[in-house]
Amino acid sequence: MQLALAEARQAAAAGEVPVGAVVVKDGRVIATGRNAPIGGHDPTAHAEIVALRAAAQALSNYRLDGCALYVTLEPCAMCSGAMLHARIGRVVFGAADPKTGAAGSVLDLFAERRLNHQTAVQPGVMAEDCGALLQDFFRARRETRRAQAQANHPLRDDALRTPDAAFASLPDYPWPPHYIADLPALDGLRLHYLDEGAADTPSGLTYLCLHDSPGWSYRFRHMIPSWLAAGYRVVAPDLVGFGKSDKPKKAAAHNFAWHRQVMLELIERLDLGGTVLVVAPGSEPLGLALAAAAPARFVGLQVVDMGAATDPHSQEAEAGDAAPFPDRGFRAAVRAFAGMRPEPQDEAAAAQARLALRSIAP
C-alpha cells in the first residue's frame with residue numbers, strides 16, 4: 001500500500017485525483033498504475049485499470065489468476081468489474097468511497113454470488129493515510145477555485161479596484177495574493193490578504209500584521225521572511241480602501257466599527273489562533289479593538305516603527321505607498337482614516353486588552 005500511495009502522490013503532482021494501484025503476484029510487484037483520465041483524455045484510465053493493463057502485459061495473459069491488487073481508494077463499478085473479469089484473487093483498498101465505491105460503500109459487486117468469479121476483499125488498509133491524501137488534494141482544489149472566484153469577483157459600482165499592473169514592478173513582494181469577498185461585512189467588496197506559512201506551525205503562533213494609513217501589506221515585506229524562517233504563520237490583510245483591496249469611492253463609507261467588523265470576520269474565517277498582533281502606532285487602536293472583541297485568539301502584541309523597519313523616504317517605499325492610488329479618487333480611505341477614532345467604549349476595552357497581551361519585541 002505504501003507503493004500505491006507513492007503512485008497516488010505522483011497522480012496528485014500531475015493534477016489528477018490522487019489514486020494509486022499496485023498488482024502483486026507471488027510476493028512480487030508486477031505492475032503499478034495511477035489515475036490519468038485527465039492527462040490521457042481517457043475516462044477509463046483509473047489507477048486500477050492502468051495497473052491491470054500493465055500486469056496483463058507483464059504476464060502475457062489477460063487472466064490475472066493468483067494476483068492481488070492494492071489500491072488507495074475503494075474501486076468503482078468499472079474497476080471492480082475489470083478485476084472480476086481479470087480473475088484477480090484479492091483486492092486490498094485503503095479509503096472507502098461513499099459516493100462511487102463498489103466494494104461495499106454504494107454497492108458490493110464482489111459479494112454478488114451469481115457472478116462466475118469471487119474476489120476476496122480487504123478494506124481499510126492504511127485508510128487514514130489514503131484518505132488524508134485525497135482530503136488534502138480536494139481541499140487545495142476548493143481553495144484554488146475559491147481564490148479564483150474571489151479574484152474575479154465583480155466590482156461594485158460604488159468602488160474602485162487598482163489594476164494589477166500598478167503593483168507589477170514593486171520589489172521584494174513575491175507572495176501570491178489571496179482574495180475574499182463573501183464576508184457579510186464586506187457586502188461584495190473584495191479584500192486582499194497575504195497568508196504565508198502553515199496553519200499548524202510548530203510554534204503555534206500566527207503574526208497578524210495591520211498596516212496604518214496610507215500603507216498596505218507591502219510595508220511588512222522586509223519582516224515577513226524572518227517570521228516565516230522562525231516558523232510562524234503570517235497573515236497581512238490590506239484594509240478595505242488600501243493596497244490591493246477594493247476602494248469605496250466615498251470617505252463616508254469608512255468608519256472604525258465597520259473596519260473592526262471586517263477584520264473580525266476575516267479572523268474568524270481564517271480561524272486564527274495563538275495570534276500576535278503586529279501593528280504600527282497608527283493601526284494599534286484597530287488591533288487592540290480586535291483583541292478586545294476576540295481575546296481568546298490573541299496572545300501577544302508587537303508595535304513596530306515602520307520608519308525604522310524600512311526607510312519611508314526611499315524611492316522603493318514611496319513607490320509602494322503610491323502604487324494602490326493611481327489618482328485622488330482612489331484615496332477616499334486615506335482621507336477618512338485621518339480623522340477616524342474609536343468610540344470611548346472601544347478605547348476602554350482596548351486599554352484592557354493591551355494589558356492582557358504579552359509584549360513582544362520587534
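Quick note: numbers below take in every heavy atom, side chains included, and nothing from hydrogens, waters or symmetry partners.
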What heavy-atom pair brings A332 and P248 nearest, and what distance separates the two atoms? CB-O, 3.5 Å
Among K247, H192, K244, find the one that has a side-chain hydrogen bond (donor to acceptor under 3.5 Å, both in side chains) with D238. H192
Salt-bridge test for R219 and D172: reply yes if a basic N is under 4.0 Å from a carboxylate O, no otherwise. no
Where F330 and P324 come nearest, the two heavy atoms and their spacing: CD2-O, 3.9 Å
Aromatic ring proximity, centroids under 6.0 angstrom, Y232 and W227: no
Atom CG in L290, atom CD in Q261: separation rounded to 0.5 Å? 10.0 Å
Same cluster (ILVMFWY, side-chain, under 4.5 Å), M126 and V121: no
Using atom types as modelled and distance alone, determine if a side-chain donor or acceptor of E7 lies under 3.5 Å from a backbone N or O of V22. no
When clusters are formed by joining ILVMFWY residues with side-chain heavy atoms under 4.5 Å apart, either directly or through shared neighbours, do M263 and L270 land in the same one? yes
Please check if the side chain of D195 supplies one atom and the backbone of V235 the other of a donor-acceptor pair under 3.5 Å. no
Hey, would you say the W258 and F256 ring centroids sit under 6.0 Å apart? no
If you round to the nearest 0.5 Å, how far is CD of Q302 from SG of C209? 8.5 Å
Counting only heavy atoms not in Y62 (residues, nucleotides, ligands), do more than 12 fall under 6.0 Å from its OH? no
Between T44 and R53, is the side chain to side chain donor-acceptor pair (under 3.5 Å) condition met? List the steps. CA-CA 11 Å; T44 71; R53 288 170 176 162; 3.1 Å; yes
Going by heavy atoms in the side chains, are R233 and E196 under 4.5 Å from each other? no
Measure the shortest side-chain to side-chain distance between L208 and F298 over non-hydrogen atoms and say whether it is less than 4.5 angstrom. yes
Correct closest heavy-atom pair for L266 and P237 would be CD2-CB, 3.9 Å
What do the steps show when you test Q118 against L84 for side-chain contact (heavy atoms from CB on, under 4.5 Å), and what is the final call? CA-CA 7 Å; Q118 275 70 52; L84 290 166; over 6 Å; no
Can you check whether V106 reaches T100 side chain to side chain, under 4.5 Å on heavy atoms? no
Closest non-hydrogen atom pair between F110 and A102, with its separation: CD1-O, 4.0 Å
C76 versus H46: any side-chain heavy-atom pair under 4.5 Å? yes
Residues E316 and R221 bridged, charged N to O under 4.0 Å: yes
Apply the test side-chain contact (heavy atoms from CB on, under 4.5 Å) to residues V23 and C67: give CA-CA distance (whole Å), side-chain angles for both, the deciding distance (0.1 Å), then the verdict. CA-CA 7 Å; V23 178; C67 292; 4.0 Å; yes
Can I180 and L183 be said to form a side-chain contact (heavy atoms from CB on, under 4.5 Å), step by step? CA-CA 7 Å; I180 192 166; L183 300 177; 3.7 Å; yes
Salt-bridge present (D246, R161; N to O < 4.0 Å): yes
Would you give the length of the straight line joining atom CG of L160 to atom CZ of R331, rounded to the nearest 0.5 angstrom? 13.0 Å
Any heavy-atom pair between the side chains of P43 and P37 that's under 4.5 Å? no
Where the side chain of D26 meets the backbone of R28, is there a donor-acceptor pair that is under 3.5 Å apart? no
Please tell me whether D97 and S105 have a donor and an acceptor in their side chains that are separated by less than 3.5 angstrom. no
Answer whether the closest heavy-atom distance between the side chains of V303 and P281 falls below 4.5 Å. yes
Any L134 side-chain heavy atom under 4.5 Å of V17 side chain: yes
In Å, rounded to the nearest 0.5 Å, how long is the span from CG of L205 to CD1 of I360? 6.5 Å
Return the orientation label for the F325 and F242 ring planes: parallel under 30°, perpendicular over 60°, tilted otherwise. perpendicular
Can you check side-chain contact (heavy atoms from CB on, under 4.5 Å) on V304 and V279, steps first, answer last? CA-CA 6 Å; V304 295; V279 296; over 6 Å; no
Main chain of G274, side chain of T206: is a donor-acceptor contact present, judged purely on distance under 3.5 Å? no
In terms of side-chain geometry, is the basic nitrogen of D187 or R156 positioned less than 4.0 Å from the acidic oxygen of its partner? yes
Under a 3.5 Å cutoff, is there a donor and acceptor pairing between the side chains of T275 and Y207? no
Point-to-point distance, once rounded to the nearest 0.5 Å, from CZ of R34 to CZ of R9: 13.0 Å
Looking at every heavy atom in both V240 and S245, which two are closest together, and how far apart are they? CA-CB, 4.1 Å
Cluster question for you: counting only ILVMFWY and a side-chain heavy-atom cut-off of under 4.5 Å, with indirect links fine, are L69 and V125 together? no
Keeping E74 on the side-chain end and F93 on the backbone end, is there a donor-acceptor pair under 3.5 Å? no
Hydrophobic clusters here meaning ILVMFWY residues chained together by side-chain heavy-atom distances under 4.5 Å, can you tell me if V19 and M1 are in one? no
Would one find more than 12 heavy atoms of other residues, nucleotides or ligands at under 6.0 Å from atom CD of Q57? no
In terms of the angle between their ring planes, are W216 and Y218 parallel, tilted or perpendicular, with boundaries placed at 30° and 60°? parallel
What one should report as the nearest heavy-atom pair of G243 and F167 is O-CZ, 3.5 Å
Anything under 30° is parallel, anything over 60° is perpendicular, the rest tilted; go ahead and classify F337 against H259. perpendicular
Could you tell me whether the side chains of Y70 and R90 share a donor-acceptor contact shorter than 3.5 Å? yes
To the nearest 0.5 Å, atom CG of L64 lies from atom CD1 of I88 at 4.5 Å
Side chains of R335 and R328: does their closest heavy-atom pair fall under 4.5 Å? yes
According to a hydrophobic-cluster definition based on side-chain heavy atoms being under 4.5 Å apart (Ile, Leu, Val, Met, Phe, Trp, Tyr only), do L3 and V71 belong together? no
